[in-house]
Structure formats: structure tokens, C-alpha cells
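Proteins come first, then strands; the chains are lettered A, B, ... in the order of their sequence lines, and each starts at number 1. All values reported here derive from a predicted model rather than from experimental measurement.
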Number of protein chains: 2
Amino acid sequence: MSKSEVVELPVLGPEAVVPCCPPITAGELSVPDAERMAAMFKALSDPVRLRLFSKVASHPGGEACVCDIQDVGVSQPTVSHHLKKLREAGLLTSERRGTWVYYQVAPSVVAAMSAMLDLHPAAART
Amino acid sequence: MSKSEVVELPVLGPEAVVPCCPPITAGELSVPDAERMAAMFKALSDPVRLRLFSKVASHPGGEACVCDIQDVGVSQPTVSHHLKKLREAGLLTSERRGTWVYYQVAPSVVAAMSAMLDLHPAAART
DNA sequence: CACTCGTATCGATGAGTGTCAACATAGACG
DNA sequence: CGTCTATGTTGACACTCATCGATACGAGTG
């Protein structure tokens, strides 16, 4: 997991949601922070999207072709629609290689959630 | 309704949403797990709810009176509606003490998120 | 008991969302 | 070029949701 240490800017739009947010228990969230965090949670608030994200994340290298993950019980346009939403939320990135399109977990997504939730502060400090 | 009993919600069944879920990167989520996790994320996918939750969580003892947190820019019925949703999602619990109603962060909510995200596995395995 | 304050519920409404069928686009291959 | 496969886009529809005003309930207080 050495590559996920990098804090590079992925190919996100101008309104990427992921890089954000103070710990949730540290104090009252500001309105902009709350909106950013809510947008991120909203992207994961659908069971189909969650399963798609999970399938990509659990694939070797955090990368998967659409053809590998599209069996989630909904039609192909719906899969494409959900993948687009995950992309717009900054949780996934996509790349076309030949015939197929591959989706990757955006770098430092889980780490951003970790910071946001301020988990195990004692362990994190030491 | 009883006096101090606030546990009569018909919507919140025996299975609250929070206690759940394998790590998100460990493998493909099962459909029931995805639905549970999505419900939890959905409860936090609204900026107003996120700020309400944050206000409760950042109060001393993880507890706050509604009167202390209801200034989030929406009307009082809307605040009540959002608090109800957070309650139904298992993220908050409520208790009436005299005139005021106090909301607390449900135990092990953050820990559940931690397990779900598979953060700091060494520390989380305690 | 009447009045007031804090909180929950109801009903309505406008905005948003998940889903699909149909169509469009892009690359591979003959 | 034509065609096949893999994804994305569009338009429509049913459904959910966030919000509010009005109202009800519950607990103190005079």
C-alpha cells in the first residue's frame, strides 16, 4: 500500500468531494464541511453503488473493468449511471484501455474517511 | 406514550442499522450488508443531519439537548424530522428529562464505522 | 385549571433520485 | 466500410425526500 501514501491530485472535476473534512467529533462542522462530507456519504448511500464500490475496492490493485462488476441486479445503463455518480463524488476514477473501461478507487479515499471520523485517536497519535 | 420511555418507535425494528458490516475493502459486499451500510450512509448524507450529529457528538458526554443544537438554519419541525431519522438509523438515541429531550450518540457507532472501513487494523483488533 | 414553552406529528409541496428502454458512441476486427 | 461488443447518454416515470406551516402533545409554572 505504499502507493496510496501519495497525496497527488487525481483526475477529479473542479468540485471533487473527497479531500476534506475535520474529525466529526472534534466540534461543530462548518456548513461547507458538512456539505462536502454529506456529498461523500450520499454517493455511498445506495446499496448498488456501495456494492459497485466494494467490487472495485476488493479487486486486485483496487481496479476493475466494468465487465467484471456489472452484475449487481440492475440494467447496464443503471450501472453506468451509478459509476458516474461515484466518479463525480471523487470516489472512483475511470480510464479507458482499448475496448474496456477500468475503474479505480481514488487515492486516499479511505484515509480521508479515517481522518474524518477521528478513529482511535490514541493509536493514531502514537 | 409513557413518561420517560422513548423507545416506542414502530419504525425502528429489533435490528437497528448500525451494528454491522465487514470491512469495505475485504471483498464484495453481500446484498444485506450493502443495504445496512447504505442506510447508515444515507442517514449522514444530508448536511443538516450531519451538522446535528456533529453537534451532539462534539458536546461533552456525547449528549445534547435539542435546544442546544437546533440552530442549523431550518425550522423546528425539520430539525425534529432529521433527529428522528438519525434515531431510526441507530446513530442517535433520545431521552426525555423533564421539559427537554436529550440526544446521545449511540454507543459503538464510530467503532462500527471504523470496522467497516478497516482502519488501523492493528489497533482495531483490541 | 389556564398558560407557556419545548418538542413531535401531520399534510402538502417542490425538488431530487433510481430505474429502465431506446439510442449514441467508441474501439476491435474482418 | 460494416458489424459486433462494451459503455455512456437521453428521456420518461414512479418514487422518495427535505422543507414548511399548522397543529398536537407533554411538562413545568402561576
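- Taking 3.5 Å as the limit, the base of C/dG6 and the side chain of B/Gln76 contain no donor-acceptor pair of atoms between them.
- Taking CZ of B/Arg36 as the reference point, atom CG of A/Leu50 lies at 12.0 Å (rounded to 0.5 Å).
- When the local axes at the two ends of the helix from C/dC1-D/dG30 to C/dG30-D/dC1 are compared, using 5 base pairs at each end, they differ in direction by 10° after rounding to 10°.
- Nucleic acid contact for A/Tyr103: sugar-phosphate only, since backbone atoms but no base atoms lie under 4.0 Å from a heavy atom of the residue.
- Atoms NZ and OG, on B/Lys84 and B/Ser94 in that order, are 11.0 Å from each other to the nearest 0.5 Å.
- Distances were taken from every side-chain heavy atom of A/Val66 (C-beta onward) to each of D/dG21, C/dT7, D/dT7; the shortest belongs to D/dT7.
- B/Ser30 meets the side chain to side chain donor-acceptor pair (under 3.5 Å) test with B/Asp33; sequence neighbours excluded.
- If B/Thr99 and A/Lys42 are placed on DNA chain C by their nearest nucleotide, the residue sitting closer to the 5' end is B/Thr99.
- Of the residues in residues 67-75 of chain B, those placing a heavy atom less than 4.0 Å from an atom of DNA chain D are B/Val74, B/Ser75, in numerical order.
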**Prompt:** Please walk me through it: do B/Val72 and B/Lys55 pass side chain to side chain contact (heavy atoms under 4.5 Å, CB included)?
**Reply:** CA-CA 10 Å; B/Val72 285; B/Lys55 284 188 173 215; 4.1 Å; yes

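- Across B/Gly90 and B/Ala106, no two heavy atoms sit closer than the pair O-CB, 3.1 Å.
- In the set D/dT7, C/dA8, C/dT7, the nucleotide with an atom closest to the side chain of B/Arg87 is C/dA8.
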**Prompt:** Where do A/Leu83 and A/Ile69 land on the side chain to side chain contact (heavy atoms under 4.5 Å, CB included) test, with the steps shown first?
**Reply:** CA-CA 10 Å; A/Leu83 288 173; A/Ile69 61 176; 4.2 Å; yes

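- Rounding to the nearest 0.5 Å places CG of B/Leu52 at 10.0 Å from CD of A/Glu28.
- The NE2 atom of B/His81 sits 16 Å away from the P atom of C/dA12 (whole-angstrom rounding).
- Less than 4.0 Å separates DNA chain C from no heavy atom of any residue of residues 45-52 of chain B.
- The separation between B/Trp100 atom CH2 and D/dG28 atom P is 9 Å, rounded to whole Å.
- B/Tyr102 shares a hydrophobic cluster with B/Trp100; the chain of contacts runs through ILVMFWY side chains whose heavy atoms sit under 4.5 Å apart.
- Note: CD (B/Glu88) to P (D/dC17) measures 10 Å, nearest angstrom.
- One finds a side-chain N or O of B/Ser80 lying less than 4.0 angstrom from the OP1 or OP2 phosphate oxygen of C/dA8.
- Between D/dT19 and B/His82, a contact under 4.0 Å exists linking OP1 or OP2 to a side-chain N or O.
- If you take CD of B/Glu95 and P of C/dA8, they are 13 Å apart, rounded to a whole angstrom.
- Rounded to an integer number of Å, the gap from A/Tyr102 OH to D/dT7 C1' is 13 Å.
- Under a 3.5 Å cut-off, the side chain of B/Arg51 and the backbone N or O of A/Ala34 do not form any donor-acceptor pair.
- The distance between atom NZ of B/Lys85 and atom C1' of C/dA8, rounded to the nearest whole Å, is 16 Å.
- Within the structure, every pair that satisfies the side-chain hydrogen bond (donor to acceptor under 3.5 Å, both in side chains) test and touches residues 60-83 of chain A, not counting sequence neighbours, is listed here: A/Arg49-A/His82, A/Glu63-A/Arg97, A/Glu63-A/Gln104, A/Ser75-A/Thr78.
- Listed candidates were D/dA27, C/dA22, D/dA6. Nearest to the side chain of B/Arg96 is D/dA27.
- Using a distance-only test at 3.5 Å, with no hydrogens or angles considered, a donor-acceptor pair links the side chain of A/Ser54 to the main chain of B/Leu29.
- Between A/Lys84 atom NZ and D/dT10 atom C1' there is a gap of 10 Å when expressed in whole angstrom units.
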**Request:** List the steps, then state whether side chain to side chain contact (heavy atoms under 4.5 Å, CB included) holds for A/Val105 with A/Phe53.
**Result:** CA-CA 8 Å; A/Val105 176; A/Phe53 183 83; 4.2 Å; yes

